Amino acid sequence: MKNRLKVLRAEHNLTQAKLAELLDVSRQTVNAIEKGKFDPSLPLAFKAARLFKLKIEDIFQDEEL
Amino acid sequence: MKQQTGLTFKQRNKLNTVHLAKWTLAWVLTLALASFGPLLLWGEQNTLLSIVAVMINISAGIMMILANKRHLAGLDELLQRLHLNAMAITLGGSLVFGLAYSVLQTSGVVSLRQGISHLMMFMGITYLVCVVVMNKQLGAEDEE
């Protein structure tokens with residue numbers, strides 16, 4: 001699954017640590033999601049979408065599409 | 001974003017880790033007391049004190065298990081998966097290599113007797129190595 005988390009984080013001038021705090025996860029998790037090493041659960045994806053005021057599909061995209 | 005506890009993930013995780021460390025230390029100390037107490041403190045003939053020491057050790061052990069459970073439940077989804085994988089490898093490795101060694105011992109290929117303490121060491125080291133390696137693979141040390 002591809003995602004735009006790193007781009008959105010940069011646009012909002014957030015560090016990985018700050019984004020992790022806002023999402024209530026560890027910095028490793030933010031890092032792993034950004035690098036595509038870990039796909040978040042649906043609740044975490046919704047949380048990210050709420051935070052950036054976007055739809056889930058605006059942040060996360062299926063790589064097969 | 002804070003949960004109902006009013007603590008951030010980092011604060012909650014630190015608190016749970018400290019809690020786990022305290023109960024682990026209590027368990028180790030009470031285990032030492034139960035092991036060496038009959039020899040060094042109250043004498044082997046005093047079975048009542050030995051039983052009390054073991055009961056205290058079991059109580060501390062139960063608290064350690066609960067603290068560990070709480071620590072794992074407090075982790076986020078990635079870290080929970082990491083620890084689940086580490087536990088799977090540790091449990092599987094202990095079963096496979098422990099029984100393989102037992103077979104080699106029974107068939108007389110190796111003569112060195114291994115006790116439960118060696119198995120505990122094997123499990124501890126395997127778990128630690130797994131957590132460190134998987135943390136590294138996930139790029140935990142990467143820059144922001």
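Values in this document were obtained by computation on a predicted structure and should not be read as measured data. Every chain is numbered from 1, with letters handed out A, B, ... down the list of sequences. Below, all heavy atoms of this structure are taken into account, side chains as well, without hydrogens, waters or symmetry copies.
Residue B/Met55 places its CE atom among 12 or fewer non-hydrogen atoms of other residues, nucleotides or ligands, all under 6.0 Å distant.
Contacts of A/Pro43 with chain B are absent, with no heavy-atom separation under 4.5 Å from either backbone or side chain.
A continuous path of hydrophobic side-chain contacts links B/Trp27 to B/Val54 [ILVMFWY only; heavy atoms under 4.5 Å]. Neither B/Met64 nor B/Leu33 shares a network with the other; the hydrophobic side chains, linked directly or stepwise wherever heavy atoms of I, L, V, M, F, W or Y lie under 4.5 Å apart, form separate groups for each. A/Met1 and A/Leu23 fall within a single hydrophobic cluster, where Ile, Leu, Val, Met, Phe, Trp and Tyr side chains are chained together by heavy-atom contacts under 4.5 Å. Under a hydrophobic-cluster definition in which Ile, Leu, Val, Met, Phe, Trp and Tyr are linked whenever side-chain heavy atoms come within less than 4.5 Å, directly or via other members, B/Trp23 and B/Ile58 are assigned to the same cluster.
Side chain of B/Glu77 to main chain of A/Ser41: a donor-acceptor pair is present (N/O by atom type, distance under 3.5 Å, no hydrogens or angles).
Nearest heavy atoms, A/Lys37 versus B/Gln137: NZ-O, 2.8 Å. Of all non-hydrogen atoms in B/Thr8 and A/Asp24, the two that sit nearest each other are C-OD1, 3.9 Å.
Atom CG of residue A/Leu44 and atom CG of residue B/Asp76 lie 8.0 Å apart, to the nearest 0.5 angstrom.
Ranked by heavy-atom pairs under 4.5 Å with chain B, the list A/Ile33, A/Leu19, A/Val25 is led by A/Val25.
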